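Computed from a prediction, not measured in an experiment: that's the story for all the values here.
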Amino acid sequence: MASIPTTQKGVIINKTGGPEVLEYRTDLPVPALVDGQVLVKNDYIGINYIDTYFRTGLYKAAQFPYILGREAEGTIVKTGGGELYGLKEGDKVVWMGEGAYAEYTGVPAEKVYKVPDGVAPGIAAAALLQGLTALTLVREAYHVEKGDWVLVHAAAGGTGLLLVQLLKAIGANTIGTASTPEKVELAKKAGATHVINYSVEDVKAKVLELTGGKGVIAVFDGVGKSTFDLSLDCLARKGTLASFGNASGAVPPFSIPRLSAKNARLMRPTVMNYIVTRDEFEGYSKELFDFVAKGQLDFRIHETYPLSEVARAHRDLEGRKTTGKLLLDPSN
């Protein structure tokens with residue numbers, strides 16, 4: 001195996017703000033390992049909306065400078081001491097953690113998973129965070145069963161497309177929302193039973209029409225501020241709203257008694273609290289890649305951007321110019 005350099009390419013922020021605060025550097029130190037960590041040479045880096053939350057300051061970075069990024073796939077090039085769960089140098093892996101926008105990342109072995117044979121390059125990085133988010137939403141935020149009516153906002157986005165495919169595999173009646181005819185078709189091809197173009201259609205009226213006036217038993221809402229009230233309006237009696245993202249901004253404070261009109265449940269889940277233990281992480285990761293192996297999950301890669309063009313990737317993501325997953329290539 002090639003020797004490990006002392007410096008690397010990566011992207012840091014020294015303050016919060018727009019895409020302009022992203023600094024591409026070629027002189028960042030390669031991290032030293034502590035017990036329980038492995039050093040991964042990243043081949044593909046996943047971009048997620050949470051990266052923009054840390055960049056803008058919606059979520060607080062632990063310190064500055066701060067390296068963004070929550071997932072990547074690559075090869076273990078060095079191991080630390082302690083419990084490594086059988087991982088070793090040379091393993092092809094995918095991981096969740098922090099500091100992904102770089103050539104090398106020191107990662108807790110507890111959140112590293114060996115990429116199964118037959119998974120094409122880039123797919124594991126596209127799959128892990130959004131795939132585990134979608135899977136834990138339909139298993140735990142609201143346990144979806146065959147025949148349930150479910151609403152998915154931004155159904156042509158990265159997590160939205162995965163939710164739609166998982167819901168099809170479960171046998172749910174899925175209503176998706178999207179903003180353009182092209183995105184509507186994409187969500188339909190992924191398996192949505194119905195897709196509403198919210199730019200020209202009344203979402204609430206259409207949902208009630210499709211459900212015989214009852215509404216949906218669950219809403220998976222990764223959009224946030226601009227769809228929150230609509231999501232509540234679309235719920236059936238005893239329905240669950242899982243608000244899991246802030247793409248349009250954070251949901252403002254609201255009055256809890258509003259939930260009593262339908263005995264509704266409101267959750268603000270995060271995937272990390274569903275995969276705290278090694279058993280949880282490994283179990284859900286195995287289930288996710290089993291779906292991939294069975295052909296029940298297809299991962300649409302919108303574009304693989306050079307790491308040096310990360311600002312363009314963020315602008316595209318926030319400008320809703322994308323469908324599916326955005327990746328970064330740290331080799332250029």
Side-chain angles (χ1 to χ4, degrees), residues 40 42 44-54 59 68-74 85 87 92-100 105 107-116 119-120 122-144 150 152-155 157-170 172 190-191 218 220-222 242-247 267-301 317 324-327:
V40 180
N42 299 318
Y44 294 93
I45 301 161
I47 298 177
N48 297 282
Y49 249 106
I50 193 172
D51 304 343
T52 71
Y53 303 160
F54 279 98
Y59 292 177
L68 297 173
R70 296 302 213 195
E71 66 178 339
E73 74 173 79
Y85 303 98
L87 298 166
K92 297 289 186 180
V93 297
V94 62
W95 60 266
M96 287 177 64
E98 295 186 72
T105 310
V107 189
E110 190 176 49
K111 293 298 186 287
V112 179
Y113 190 77
K114 289 183 67 173
V115 177
V119 177
I123 296 301
L128 194 64
L129 195 150
Q130 289 181 337
L132 291 182
T133 296
L135 186 56
T136 54
L137 284 172
V138 303
R139 290 287 189 249
E140 298 209 42
Y142 175 80
H143 190 90
V144 180
V150 178
V152 177
H153 287 300
T159 304
L161 285 172
L162 300 181
L163 278 167
V164 166
Q165 293 176 77
L166 287 171
L167 291 167
K168 179 183 178 181
I170 292 168
F220 296 118
D221 186 348
S243 178
F244 67 92
N246 313 285
M267 289 194 68
R268 182 51 176 92
T270 172
V271 64
M272 297 307 293
N273 279 330
Y274 288 130
I275 55 168
V276 172
T277 69
R278 176 66 182 182
D279 285 346
E280 289 171 332
F281 173 73
E282 201 165 35
Y284 274 124
S285 296
K286 182 182 184 305
E287 186 178 7
L288 175 65
F289 285 105
D290 283 347
F291 274 112
V292 176
K294 293 173 185 174
Q296 293 177 311
L297 279 180
D298 178 54
F299 292 89
R300 178 186 174 89
I301 308 242
L317 182 64
K325 185 71 176 186
L326 283 64
L327 297 177

## Note on the structure
To the nearest 0.5 Å, atom CG of Leu128 lies from atom CD1 of Ile275 at 7.0 Å
#### Entry: Asp290/Lys294 salt bridge by N-O under 4.0 Å criterion
no
### Message
Tell me if a side-chain donor or acceptor on Glu140 pairs with a main-chain N or O of Thr136 at a distance below 3.5 Å.
### Response
no
### Message
Minimum heavy-atom separation for Ala124 and Val119, please, with both atom names.
### Response
N-CG1, 4.0 Å
#### Entry: Check: Thr277 main-chain N/O paired with Glu110 side-chain donor or acceptor under 3.5 Å
no
#### Entry: Under 3.5 Å donor-acceptor, Glu287 side chain and Gly283 backbone
no
### Task
I would like to know whether Thr133 and Phe220 meet side-chain contact (heavy atoms from CB on, under 4.5 Å); could you show each step before the answer?
CA-CA 11 Å; Thr133 296; Phe220 296 118; over 6 Å; no
### Task
Output all residues satisfying ring-ring contact (aromatic ring centres under 6.0 Å, His included) with Phe289, sequence neighbours left out; order by chain, then residue number.
Tyr113
### Query
Would a 4.5 Å heavy-atom cut-off, applied to side chains only, mark Tyr274 and Leu132 as touching?
no
### Task
Grab the two heavy atoms, one from Leu137 and one from Ala242, that are nearest each other, plus how far apart they are.
CD2-CB, 4.3 Å
### Query
At what distance, to the nearest 0.5 angstrom, does CG of Asn48 lie from CG of Leu129?
4.5 Å
#### Entry: Close side-chain approach of Arg268 to Asn246, heavy-atom, < 4.5 Å
yes
### Query
Of all heavy-atom pairs between Arg300 and Leu161, which one has the smallest distance, and what is that distance?
CD-CD1, 4.2 Å
### Task
Grab the two heavy atoms, one from Tyr142 and one from Ala218, that are nearest each other, plus how far apart they are.
CD2-CB, 3.6 Å
### Query
What's the spacing between Phe244 CZ and His153 NE2 if we round to 0.5 Å?
10.0 Å
### Message
Can you tell me how far apart CZ (Phe291) and CG (Leu135) are? Round to the nearest 0.5 Å.
### Response
6.0 Å
### Message
Taking the six-membered ring of Tyr284 as reference, does the cationic atom of Arg139 (NZ for Lys, CZ for Arg) lie under 6.0 Å from its centre and within 45° of its axis?
### Response
no
#### Entry: Spacing of Thr105 atom OG1 and Glu98 atom CD [to the nearest 0.5 Å]
10.5 Å
### Task
To the nearest 0.5 Å, tell me how far Leu297 CG sits from Lys168 NZ.
11.5 Å
### Query
Hey, are the side chains of Val112 and Tyr85 touching, using non-hydrogen atoms and a 4.5 Å cut-off?
no
### Minimum heavy-atom distance between Leu327 and Gly122, given as atom pair plus value
CD1-O, 3.7 Å
### Task
Mind checking ring-ring contact (aromatic ring centres under 6.0 Å, His included) for Tyr49 and listing every partner two or more places apart, or none if nothing turns up?
none
### Query
Can you check whether Glu71 reaches Val94 side chain to side chain, under 4.5 Å on heavy atoms?
no
### Query
Would you say Arg70's side chain and Met96's backbone share a donor-acceptor pair under 3.5 angstrom?
no
### Task
Search all heavy atoms of Val138 against all heavy atoms of Leu167 and return the closest pair with its distance.
CG1-CD2, 4.0 Å
### Query
Is there a donor-acceptor pair closer than 3.5 Å between any side-chain N or O of Lys286 and the backbone N or O of Phe281?
no
